[in-house]
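The structure appears right after this line, and notes come after that.
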Amino acid sequence: MINNSSIENYQTFTLGRFTFRRDEYFAYIHWPQAEHIMPIDQFLRALMRDVAWGFFYGTVNFDSVFGTVNYYGSVEVFAGKFNAAFVAKNLAFSERFDTDTIQNIFNHMLKDWTPAEFDPFAAPRETSTAFGKKKPGENMAIKRNRETAKRMVGMKDDSALRTDANGYPVNEHFADVPQDEPQVVVEPGFEGCLNAFNLFAYLSRSNVTWNPSITSVLKDSLFCPTTEEYILPVIHGNDRVEWFIQLSDEIIWNVEDKETGKPRAKVTMKAGDIAAMPADIRHQGYSPKRSMLLVWENASSDIPELIRQGKVPTNPVNF
Ligand code: PHB
Ligand code: FE
């Protein structure tokens, strides 16, 4: 339900027994036992990803209190459920909704609450503020659609990120990334069928942060490179093992217990490092300058249930 519709004031939204409102600095989330407050820029960056990723794999924690769990068809919205202190004080609450219902409310919230000049996908140095009174104007950044390559990157008719005159400019932080493309020599008869491209050059032109794109699919194996800067806007509680390959620069990961939030590890990944994130943790990355990360996902829909039943382990390797 959407209340207080007005062009002067931010709207209040109701989803089941949750109520959401914003003012100049904060988002307020109310449920039967309590109310939670979050900085509005942090809330909008998390909301944008939750919506754009279709609620992602497993749990999307907006912070240590509020978030969503994807059941692939329905979505659980929770407050305090994965926070040991809220659980101990009986302040935890959750409710499940059809994916369409929550998607609709979250989309309206993004539209009403995101100022025209604030891009939730941009690094903080590349966008204006999320703070302040409601102003007229439509936000184009939140309407950004995934650019679907018609063919493999670098082939004729590929996506717009390619390194030609129509592509995006190289990001300031990646000015040192060589832009030369590999030379491909094809046997006669195979022209237009075989290609290679410079992934570093491709990523150096990405204009979003913390938004994995899929560049290769082989059965359930998804290669999702991405460019990162500042803080991953969600604390991701995965429902499967996930691999990270640090392609450039450095990301520091805080790793916590998925259920309670108790700290488990701090992982500093430098260029060339590879890590597997277990399926029983939540993690949040900090990237001091723009960096390139390859996220490798196993998209098999069987995995969450196999893990719940204890048929596959939560970690990929035992040393
Ligand atoms: C993750 O939760 O594993 C994740 C999400 C977005 C990224 C990188 C990693 O850009
Ligand atoms: Fe993750």
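Every number for a ligand or one of its atoms is a count from 1 in the order of the listing.
Per-residue contacts place T226 under 4.0 angstrom from the following atoms of ligand 1 (heavy atoms of the residue considered): 10 (O). With ligand atoms numbered from 1 in the order given, ligand 1 contributes 6 (C), 7 (C), 10 (O) to contacts under 4.0 Å with heavy atoms of P212. Those atoms of ligand 1 that come under 4.0 Å of a heavy atom in N211, given as number and element, are 10 (O). Residue contact check: H236 has heavy atoms under 4.0 Å from atoms 1 (C), 2 (O), 3 (O) of ligand 1.
Relative orientation of the W113 and F13 rings is perpendicular, given thresholds of 30° and 60° on the angle between their planes. Between F18 and F66, the two ring planes are perpendicular [angle over 60°; tilted spans 30° to 60°].
Judged by the shortest distance from any of its heavy atoms, W53 lies inside the 4.0 Å radius around the atoms of ligand 1. Residue contacts with ligand 1 include F244, since one of its heavy atoms falls under 4.0 Å from the ligand. Within the structure, the closest approach of H283 to ligand 1 falls below 4.0 Å when heavy atoms are considered.
Heavy-atom neighbours of W53 CH2 from other residues, nucleotides or ligands within 6.0 Å: above the threshold of 12. Within 6.0 Å of the CZ atom in F118, the count of heavy atoms belonging to other residues, nucleotides or ligands exceeds 12. At most 12 non-hydrogen atoms from other residues, nucleotides or ligands lie less than 6.0 angstrom from CD of E187. With a 6.0 Å radius and a threshold of 12 heavy atoms from other residues, nucleotides or ligands, R308 has its CZ atom above the threshold.
Of the protein's non-hydrogen atoms, the one nearest atom 10 (O) of ligand 1 is E228 OE2, 2.6 Å. In terms of protein heavy atoms, atom 4 (C) of ligand 1 is closest to L232 CD2, 4.1 Å. Looking only at heavy atoms of the protein, atom 3 (O) of ligand 1 is closest to E242 OE2, 2.6 Å.
Minimum-distance N/O/S atom of H236 relative to the Fe ion (ligand 2): ND1. Within H283, the N, O or S atom at minimum distance from the Fe ion (ligand 2) carries the name NE2. Considering just the N/O/S atoms of E242, the one nearest the Fe ion (ligand 2) carries the name OE1.
Remark: R205 fails to qualify as a cation-pi partner of Y168 under the 6.0 Å distance and 45° angle criteria applied to the six-membered ring. For the pair R45 and F121, the cation-pi criterion (under 6.0 Å, within 45° of the ring axis) is not fulfilled.
Atoms OG1 and CG, on T114 and D119 in that order, are 9.5 Å from each other to the nearest 0.5 Å.
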